[in-house]
Number of protein chains: 2
Amino acid sequence: MTVTIYDVAREANVSMATVSRVVNGNQNVKPATRKKVLEVIERLEYRPNAVARGLASKKTTTVGVIIPDISNNIYAEAARGIEDIATMYRYNIILANSDQNEDKELNLLDTMLGKQVDGIVMMSDAVTPKLHQSMEHSPVPIVLAGSVDETNQFPSVNIDYFQASYQAVQMLIGNGHKRIAFVSGPLAYTINSKFKLEAYKKALTDANIEIDEQLIIADDGTYDSGLEAWGVLSDLEQPPTAFFAGSDELAIGLIHGAQDNGKNVPEEIEVISFEDSKLARMVRPQLTSVVLPLYDIGAVAMRLLTKLMNKENIEDQTVVIPYRIEKRNSVKS
Amino acid sequence: MTVTIYDVAREANVSMATVSRVVNGNQNVKPATRKKVLEVIERLEYRPNAVARGLASKKTTTVGVIIPDISNNIYAEAARGIEDIATMYRYNIILANSDQNEDKELNLLDTMLGKQVDGIVMMSDAVTPKLHQSMEHSPVPIVLAGSVDETNQFPSVNIDYFQASYQAVQMLIGNGHKRIAFVSGPLAYTINSKFKLEAYKKALTDANIEIDEQLIIADDGTYDSGLEAWGVLSDLEQPPTAFFAGSDELAIGLIHGAQDNGKNVPEEIEVISFEDSKLARMVRPQLTSVVLPLYDIGAVAMRLLTKLMNKENIEDQTVVIPYRIEKRNSVKS
DNA sequence: GTGAAAGCGCTAACAA
DNA sequence: TTGTTAGCGCTTTCAC
């Protein structure tokens, strides 16, 4: 059978309280006693039962992580950042995919809270009112990673999507383009893409370029949809000469679409992406892209969560990580 | 404060046993009672404490998942398969990265067992003796996903790496190549790559082609190392005319290396990959590749684990999933 | 420095 | 059909 703290206590001729103390590194134990207990623990191969410990202490040292889809590189990268920091602070993570589906998100929140996680990191492109409400009722801290909470009620970590997008579009404008397309993920109606879109429009407007709704496409964000978008856009009477893509996959689809049509990138067509995953260097030409520091976003979010779980004072709940634009060859100069 | 089963019982004028019954869907409850209890649960927003439940029932409905690196698409894909099936059977997963590091693997095993997971899915390219031994001592079932256990002691799910690789190399041989290189990940010394290498050698030998160790390169499996491998190999006196790549990234690196040198793929250089991630279609020419069904491997592994946790009878502990070769344009005909 | 004992919130016999 | 009662394995006062 499994050996319990009680077995150890008996074998070591001490009380279970003492065993508990040595297991938990409590200093109030005579070195000799500690040694004796440690020996018995080793001999019996005693392994503390974290569930019992959790019940008694009301802490599980595990945090919940709700992400849209782990098989999507973006989220996987963030997940790795989260997990690394979690490990550093001795937490384990319960990971679950929501597919951006509100019902799943709600359910996951509930089951994770049921499992008594000490905190939650949540990635969701759309913090709906219902979700928001559920999150408010959480007995443990929740931090948003890569998702902005417009009510500013929840801790969150992000980059400045608007600013980054604005700058990206500006680069294209600076290169003389008048017909600039914006191709984004399905998220056209969600937060982050909303910022990108707003920035896109603002940048054009500020440069006195008229906004043409035909040049704005929102699909599912995949390579194929980038290819498709190229098809649609290049068939326009006045096709775009530059593209602001919402993701690397999209950008590559756009570029391949152009190349398959005999167009040169960046000589004839320029493309700037928003992501800078390792894919960015795996195309010819390599992508110029806003770098979205996913790993860092995850890591910082988790770090923030540890502080919150520790009830430390937080200066600022919403942290904005710096971004930069990596210049490669899909945009001239 | 948090509301417990006891609060619900009191409010509903029943015993906690009855509340427990309705929460657990036990049929031995009069409909009227059930209704009453359900109402109170709703009103009080009672949420069962899974930790207490776990302690009492000795089941946590969570499984551990140990993978090398979630930010690597291969493992992320498998993780998604694992999680989907886990969710289907109402399990949650504790996910952790091992970086293929034995110490971490050992530690993770230990902490997960400490957390009383009901089972574990493990992905490890090298089941070392120590690891093997720790796994044997596990009180809960462990299944290996995408990793073969040479002792055949643990349940595992895989494809036939040898057969798949053999066939891949044969395609190249069939196209008339005599100088065929094998470029693989760092895993040259680990199980799966070992099979690939063996198959490569066997295929050549069977075709009376001499094995040239210079044509065998094992590096870190990244795009850059593919590029590098091209550099080294193309500088040979008798450079290879065909490549068997251990992964898509590697294959793309090889192809770009060739193209940057003005070589045509597949006219002058042919490349076959082993993976078939979505990357495979995101290059020109698109990759011909052995398809490694990662999602399925994960899903089947998890399904197998549910059976094991359920103590169902398993016909065969080691399942071999069919593979196929997806023909695209990096190999002629 | 160490021990006794009361929970933590729930499940699972066993009775009734 | 429902209630009573032991635990599950540990943490945590509170005494000594």
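Expressed to the nearest 0.5 Å, how far CD of Glu77(B) lies from CZ of Arg80(B) amounts to 9.5 Å.
Contact detail for Ser71(B) and Asn73(A): the closest heavy-atom pair is O-OD1, 3.9 Å.
Across the protein-nucleic acid pair, Ile41(A) atom CD1 and dG9(D) atom P stand 16 Å apart, rounded to whole Å. Between the OH atom of Tyr6(A) and the P atom of dC10(D) there is a distance of 13 Å, given to the nearest Å. Atom-to-atom, CZ of Arg53(A) to C1' of dC10(D) comes out at 8 Å; the value is rounded to the nearest Å. Spacing between atom CD1 of Ile5(A) and atom C1' of dC10(D) amounts to 6 Å, rounded to whole angstrom units. When rounded to the nearest whole Å, the span between CZ of Arg10(A) and P of dG9(D) equals 13 Å. What separates CG of Asn28(A) from P of dT12(D) is a distance of 14 Å, to the nearest Å. Here dT12(D) presents its P atom at 7 Å from CG of Asn24(A), a figure rounded to the nearest Å. One interatomic measurement links the two molecules: CE of Met16(A) to P of dC8(D), which rounds to 11 Å at whole-angstrom precision.
Note on the helix from dG1(C)-dC16(D) to dA16(C)-dT1(D): terminal axis deviation equals 30°, with five pairs used at each end and the result rounded to 10°.
Between the side chain of Ser134(A) and the main chain of Leu131(A), no donor-acceptor pair closer than 3.5 Å is present. When atom types are taken as modelled, the side chain of Asn24(B) and the backbone of Asn26(B) share no donor-acceptor pair closer than 3.5 angstrom. Here the side chain of Ser57(A) pairs a donor or acceptor atom with the backbone of Arg53(A) at under 3.5 angstrom.
Val14(A) comes within 4.0 angstrom of sugar-phosphate atoms only, judged by non-hydrogen atoms across all strands, and of no base.
Taking side-chain N and O atoms only, Thr18(B) has no distance below 4.0 Å to OP1 or OP2 of dT2(D). Within the 4.0 Å cut-off from OP1 or OP2 of dT12(D), not a single side-chain nitrogen or oxygen of Ser57(A) is found. Side-chain N/O atoms of Lys59(B) include none lying less than 4.0 angstrom from OP1 or OP2 on dC8(D). Side-chain nitrogen and oxygen atoms of Ser15(B) include at least one within less than 4.0 Å of the OP1 or OP2 phosphate oxygen of dG3(D).
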field: From CA spacing to verdict: side-chain hydrogen bond (donor to acceptor under 3.5 Å, both in side chains), Gln116(B), Thr60(B)
entry: CA-CA 7 Å; Gln116(B) 311 303 118; Thr60(B) 54; over 6 Å; no
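Nucleotides of DNA chain C with any atom under 4.0 Å from a heavy atom of chain A span, from 5' to 3', dG1(C) to dG9(C).
The side chain of Lys30(B) sits closest to dT1(D) out of dT1(D), dT4(D), dG7(D).
Looking at Arg43(A) and Glu11(A), a side-chain N of the basic residue comes within less than 4.0 Å of a carboxylate O on the acidic one, giving a salt bridge.
For the side chain to side chain donor-acceptor pair (under 3.5 Å) test with Lys115(A), the passing option among Asn49(B), Thr62(B), Asn92(B) is Asn92(B); the others fail.
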Protein-nucleotides 13-16 of chain D N/O pairs under 3.5 Å:
none

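Few gaps surround CD on Glu312(B); more than 12 heavy atoms of other groups in view lie less than 6.0 Å from it.
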